Amino acid sequence: MDIIIDVKNLNAWYGEKQVLYNVSLQIPRYNITAIIGPSGCGKTTFLRCLNRLHELTPGNRVEGEIYFYGKNFKGNIYDSKVDPVEIRRHMGMVFQKPNPFPMLSVYDNVAIGLKINGIRDKKKIDEIVMDSLKKAYLLDEVKDALHKSGASLSGGQQQRLCIARAIAYNPEVILLDEPTSALDPVATSKIEQLLVELKREYTIVIVTHNMQQAARIADYTAFMYLGKLIEFAPTEELFETPKNELTERYITGKFG
Amino acid sequence: MRGDKIFLYILLFISALFVVIVFLLGFELYRGSSSIFDIFGFNFILSSTWDPVRGVFGIAPVILGSFLTCFIALILAIPVALLTSYFISELVPSRLKIYITSLVELLAAVPSVVYGLWGILVLVPFLRDNIYVPLQSAFYFLPGFGGAITGYGILTAGILLAIMILPTITSITKEAIELLPASIKEAAIALGAMRYQSARIIFTHIKLTIIAAIMLGFARAFGEAMAVAMVIGGSHLFPNSIFATGYTLPSLIVNEFTEATSPLHYSALIAAGFVLFVIALANIVVARLIIYRTTRFMRLAI
Amino acid sequence: MRLIDEGLARLNSKIIRMANLSRETVELAVRAYLKNERLTEKIFNNSETLRILQDEVSELAVELIARYQPVASDLRYIKSCMEIAYGFSRFGRYAYDIMQVLEVFGDLSSCDQTKIIKANDIVHKMINLSIEAFINKDLAKAEEVDKMDDDIDDIYESHLSNLIKEKPQDLRCAVSATLILRYLERIADHASYIAEAVLYIVKGERRPRK
Amino acid sequence: MIKKIKLYNILFVAICSLALIITLVPLIWILAEVIANGISAISFSLLTNLPAPPGIPGGGIGNYIQGTIILSAVASLIGFPVGLLMGIFISEYREHKFAPVVRFFVDVFAEFPAIVIGIFVYVIIVRGDIFKLFGINALCLGSICIGPTGFSAIAGSISLALLMIPIVTKSVEEALNLVPTSIKEAALAMGMPRWRMVLTISLSYARGGLILSYILALSRIAGEAAPLLLTVLGSFYWFTSFYDRIGALPLAIFTYGLSPYEDYRAQAWAASLLLILVVLILNIALRILIERRMIR
């Protein structure tokens, strides 16, 4: 198995409260890996550790190692010599609530990631923006509204804009934090299709509270509970024959 | 990484510079007035002689004048401000609220020299002819109602200051009432409290904030220079009647600064400024600490 | 109590009804052979009922899948119920086939019945064990069923090789016995599939097919 | 009994309304006087001419208008960036241990009497005690020397800038606090360094609030007279240099208001009208912007 992210003994704290306990996990390249679990199980924290976003909130702390085997970076992203800003450029992130920059146009929302990566050539920017919008299945819907505010789109369009924004600067991994929880079923299914399409070029890690979603799109699924990784397996295996009693009880809804 | 550090250092540098300037302000005011304190010591505060020609300086009547005007201003402003704030936050329909609030805020936005100009050209003659003269002819036999009536004076300054600090006290109190959890207001009404009773319950709940608002109002009145300078008349004597002219610390500085005759005279004015600074600072710091405490408490309560 | 549990309970009661009916039907068919009773109509009706029940189980299973997207043990249970229901409906079918043999060959009570009685004892046990294994999710009983399947296979195979070696005197008895043994062997196979399904429900494992 | 309580209630509401009326009467009175007296005095020549001695017609307040514009502009150039940076510090870096300290100092400094700040600037800049503190008379960098400025436009601008800083800081802080975390995280997650996130994303998201904070501070300093009296003293002439005295509308109102001459008083009303108009227009513009949600 071709591993792109190798998490080793990850512990994380939220202030004084420990939220991740010794999580070890290997994320395969060009696959969709879903992380499921009840709310508060640490799945979002785990995701935010992958691009070193968790530590940004004052008081938060992370221990452990995450090896990232990218094209331009190989090594432990928690090494003290590593600049977290650089790591984040290898990974795109899409959040629970669509959060396009409302003060920027649709076009600039996508272009801004290129600018921070030092791309100045107008023609090249234009090309990449259009390409990203197309990849995000959005171009047809917004090609007449490229210069309207990013906030003027519908919820589903906004989320696809966020995906376009995340893939524009060509990251290797896309992290998604419950990207469809604020969307209706039609918008949700569009995004799911999109993700399955995108895994040909990107490695996708998605946190979802919707198990069916994980079952539909993920190649591998991890179940977390109370800050621990309980089970990690190919999706069909996890959903048909889970090895762990907790997983079984959670996914069949026999919890609590 | 490096950019972040540089940026933070710039912010820290500017902020630290600001803090240093605040300290420098206190220090320089003290240094600028040190020659006065070297010569007169506490007599500067306790003595009532102010004679720039002979080089003798004492500001006891000025300090008294400052406190008197502020006292008058607070006596007049507090009840009006409290009732207004209650009226705005509880009785006015929400559609009108924004307009009335804007009007009250506009009152705070009028420059103080404009208050002064209105004071000297409108309020002074108005008070003299319509209030002071009838008042004196009715009570001329009582002590404190004698003396010449010019319309200028401590009472007029107090009235003008009352108008000027109304919006300060009103808006802080209003905010506190609005921050008060609905549960408390509803509890009062559920108890069957009538308007004036619920107002009392509300005011007891925010009494600390009201004290802070009053202190801030006091600080503002105490430091107000231009408007007071224009209507107080200017006198270094202890007031002998309610119509007497006088000085407050800021108005003394404003009136004499441009005409100061000697370095010592300047120092005396700076020293007056230092006294003003110390009193105002104490007030502001205490009021601020109260507001920090109460707003944190309020936010927690919600 | 989850919403799906009510559906699973309905599924379970249908399966149990099928289990009892199919066992009864097989017993009737064997009795008819041994005692030469004419029970064709009854067995035919039972077999039809079983087929209808199997359809109902399939429909209910698909409905539950569509409605609740079951996973893990729920999913395995529903999937297995469909297989098990098929097995029980096959029991009914083979019982009917045994009746058909009687219809064609007439009274067979004078033939040598020892082999069939022996095989029937085992099949009878297997059916009971597989039903119990399913109801109680009892892996030990399921394991037993699997072993007994080999015994039935042995009986059937030895019967066939005997048939070739020593020419039978009574062709009617020999052919009918072969057919009936064959049907019993099929029933045993399905009983062992049912036992296997129990293993899958409980552990998610499949035993490699022989 | 119930009747009595009802009566109290009505009485109380009546007293409350009366209080509001008492609060608003001075405002209306002042506005009425300023508008009535100001409009009758205002004319084109008044707005463009230099002052003339009392009794001589044709005198104007042009240099005061010019002075107020120059002082406010220079004060903004110094005060707004500083206030902005400090606002960024106490909002975006609120977890920094120094941030609450700065916030406290800003809160306290915002309430300082303006006259105190005037004295301070007089002492350190006009009189140049800051240089004496270091034992020098002037700070020279090559051929450019900065020494005690005397009463001057630059000293006045600095005092106004000092007044401006806490107002800007507080309202910038408030504006930046309204920037959603999700927006900031989106920027950080795409690999933006924090400083760049602050300068591009936060500031542009809060740009309405920033305009608001500037307008608020500007309308406050435009009418301030006390510190100017101690730092620029006023002038009857057009602006010449930053190291010279300069006129200003609030100063003109003060000196003219105290003068016994009718035409000077009329000019003071006209100057007041101008100031009030500026303040009013800025305030109304703000409210409209807020209402139209152009400012978040």
Side-chain angles (χ1 to χ4, degrees), chain B residues 3-4 7-8 10-12 14-15 18-19 22 25 28-29 31-32 80 83-84 86-88 91 100 102-104 106-107 109-118 120-122 163 166 170 194-196 199 216 219 222-223 225-226 230 250 253-254 257-258 270 273 276-277 280 284-285 288, chain D residues 5 8-9 12-13 15-17 19-20 22-24 26-27 30 33-34 82 85-86 88-89 93 98 101-102 104-105 107-109 111-116 119-120 123-124 129 165 193-196 219 223-226 229-230 233 250 253-254 257-258 265 268-269 272 275-276 279 283 287:
Chain B
D4 273 346
F7 185 60
L8 181 59
I10 292 173
L11 296 183
L12 273 173
I14 296 277
S15 303
F18 175 79
V19 172
V22 177
L25 188 150
E28 282 294 330
L29 252 51
R31 228 166 51 104
V80 178
L83 293 174
T84 306
Y86 179 78
F87 187 77
I88 294 175
L91 298 178
I100 295 181
S102 315
L103 279 177
V104 173
L106 200 61
L107 198 59
V110 173
S112 67
V113 270
V114 176
Y115 275 108
L117 185 71
W118 175 77
I120 195 170
L121 298 183
V122 180
I163 295 169
L166 268 177
T170 305
M194 302 303 284
R195 286 280 174 216
Y196 69 97
L216 283 182
F222 203 77
M226 305 314 279
M230 291 167 92
I253 298 164
V254 162
F257 209 85
T258 52
I270 293 169
L276 165 66
F277 168 74
I284 297 162
V285 168
R288 258 301 138 202
Chain D
I5 289 178
Y8 278 172
N9 214 19
F12 178 72
V13 173
I15 292 174
C16 281
S17 342
L20 180 67
I22 293 175
T23 309
L24 294 182
L27 176 71
I30 291 171
E33 292 279 352
V34 168
V82 173
L85 288 175
M86 286 172 58
I88 289 173
F89 178 64
Y93 291 81
F98 196 45
V101 180
V102 174
F104 178 74
F105 272 87
D107 277 335
V108 169
F109 194 75
E111 298 290 336
F112 270 10
I115 187 97
V116 167
I119 300 173
F120 171 63
V123 170
I124 65 157
D129 279 17
I165 289 169
R194 195 166 174 185
W195 63 272
R196 208 161 159 176
S219 74
E224 199 56 66
L229 197 67
L230 273 58
L233 211 55
I253 297 170
F254 179 64
L258 286 171
R265 288 180 173 186
W269 283 120
S272 299
L275 270 187
I276 292 266
V279 170
N283 261 281
R287 274 173 217 298

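These numbers come from the heavy atoms of this one structure, side chains and all, not from hydrogens, waters or symmetry mates. As the structure is a computational prediction, the values presented were derived from the model and not from experiment. Convention: sequence-line order gives letters A, B, ...; per-chain numbering from 1.
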In terms of heavy-atom pairs under 4.5 Å, which option from B:I163, B:I10, B:V104 contacts chain D the most? B:I163
Which residues pass the side-chain contact (heavy atoms from CB on, under 4.5 Å) test with D:R265, not counting sequence neighbours? B:L121, D:E262
Interface moiety of D:Y93 toward chain B, non-hydrogen atoms closer than 4.5 Å: side chain
At a 4.5 Å cut-off on heavy atoms, which part of D:L20 comes close to chain B: side chain, backbone, both, or neither? both
Stepwise, does the side chain to side chain donor-acceptor pair (under 3.5 Å) test hold for B:T84 with D:T23? CA-CA 8 Å; B:T84 306; D:T23 309; 3.0 Å; yes
Does any heavy atom of chain B fall under 4.5 Å from the side chain of D:V123, the backbone, both, or neither of them? side chain
Given that the side chain runs from C-beta out, which part of D:I30 has a heavy atom under 4.5 Å from chain B: side chain, backbone, both or neither? both
For B:V122, which atoms come within 4.5 Å of any heavy atom of chain D: side chain, backbone, both, or neither? side chain
Grab the two heavy atoms, one from D:A114 and one from D:E224, that are nearest each other, plus how far apart they are. CB-OE2, 3.5 Å
Honestly, the part of D:E33 sitting under 4.5 Å from a heavy atom of chain B is side chain
Which bit of B:L103 is near chain D, if near means a heavy-atom gap under 4.5 Å: side chain, backbone, both or neither? both
Checking heavy atoms, do the side chain of D:V279, its backbone, both or neither come under 4.5 Å from chain B? side chain
As an exercise: rank D:L229, D:I165, D:D107 by heavy-atom pairs under 4.5 Å with chain B and give me the winner. D:D107
Using non-hydrogen atoms only, which part of D:F254 is less than 4.5 Å away from chain B: side chain, backbone, both, or neither? both
Where on B:L29 is there a heavy atom nearer than 4.5 Å to chain D: the side chain, the backbone, both, or neither? side chain
Please classify the contact between D:I253 and chain B as side chain, backbone, both or neither, with a heavy-atom cut-off of under 4.5 Å. both
Could you walk me through whether B:R288 and D:F104 pass the side chain to side chain contact (heavy atoms under 4.5 Å, CB included) check? CA-CA 8 Å; B:R288 258 301 138 202; D:F104 178 74; 4.3 Å; yes
Considering only heavy atoms and a distance below 4.5 Å, find which of B:T170, B:L106, B:I88 pairs most often with chain D. B:L106
Where does the angle between the aromatic ring planes of D:F109 and B:F18 fall among parallel (under 30°), tilted (30 to 60°) and perpendicular (over 60°)? perpendicular
Side chain, backbone, both or neither of D:L258 within contact of chain B (heavy atoms, under 4.5 Å): both
Under 4.5 Å from a heavy atom of chain B, the part of D:L85 involved: both
Please determine, among B:L91, B:I253, B:L12, B:T258, the option with the most heavy-atom pairs under 4.5 Å with chain D. B:L12
Is any side-chain heavy atom of B:F87 closer than 4.5 Å to a side-chain heavy atom of D:S17? yes
Please find the pair of heavy atoms, one from B:L117 and one from D:S272, that lie closest to each other, and give the distance. CD2-OG, 3.1 Å
Counting heavy-atom pairs under 4.5 Å with chain B, the top scorer among D:I15, D:L230, D:I22 is D:L230
Answer with yes or no after comparing the ring centroid distance for D:F12 and B:Y86 against a 6.0 Å cut-off, counting only values under it. yes
Which portion of B:L25 sits near chain D, non-hydrogen atoms under 4.5 angstrom: both
If I measure from the heavy atoms of chain D, does B:A109 come under 4.5 Å with its side chain, its backbone, both, or neither? both
Looking at D:L275 and D:G223, what are the two nearest heavy atoms and their distance? CD1-CA, 4.0 Å
Set out, in order, the CA-CA distance, both residues' side-chain angles and the distance that settles side chain to side chain contact (heavy atoms under 4.5 Å, CB included) for D:I119 and B:L276, then state yes or no. CA-CA 11 Å; D:I119 300 173; B:L276 165 66; 5.7 Å; no
What residue, out of B:G223, B:G32, B:S102, B:S112, has the most heavy-atom pairs lying under 4.5 Å from chain D? B:S102
Going by the rule side-chain contact (heavy atoms from CB on, under 4.5 Å), which residues pair with D:A225 if we only count those two or more places apart in sequence or in a different chain? B:V113, B:M226, D:P250
With a 6.0 Å cut-off on ring centres, are B:F277 and D:F120 close enough? no
If we only count heavy atoms from C-beta on, is the B:I14 to D:F89 side-chain gap below 4.5 Å? no
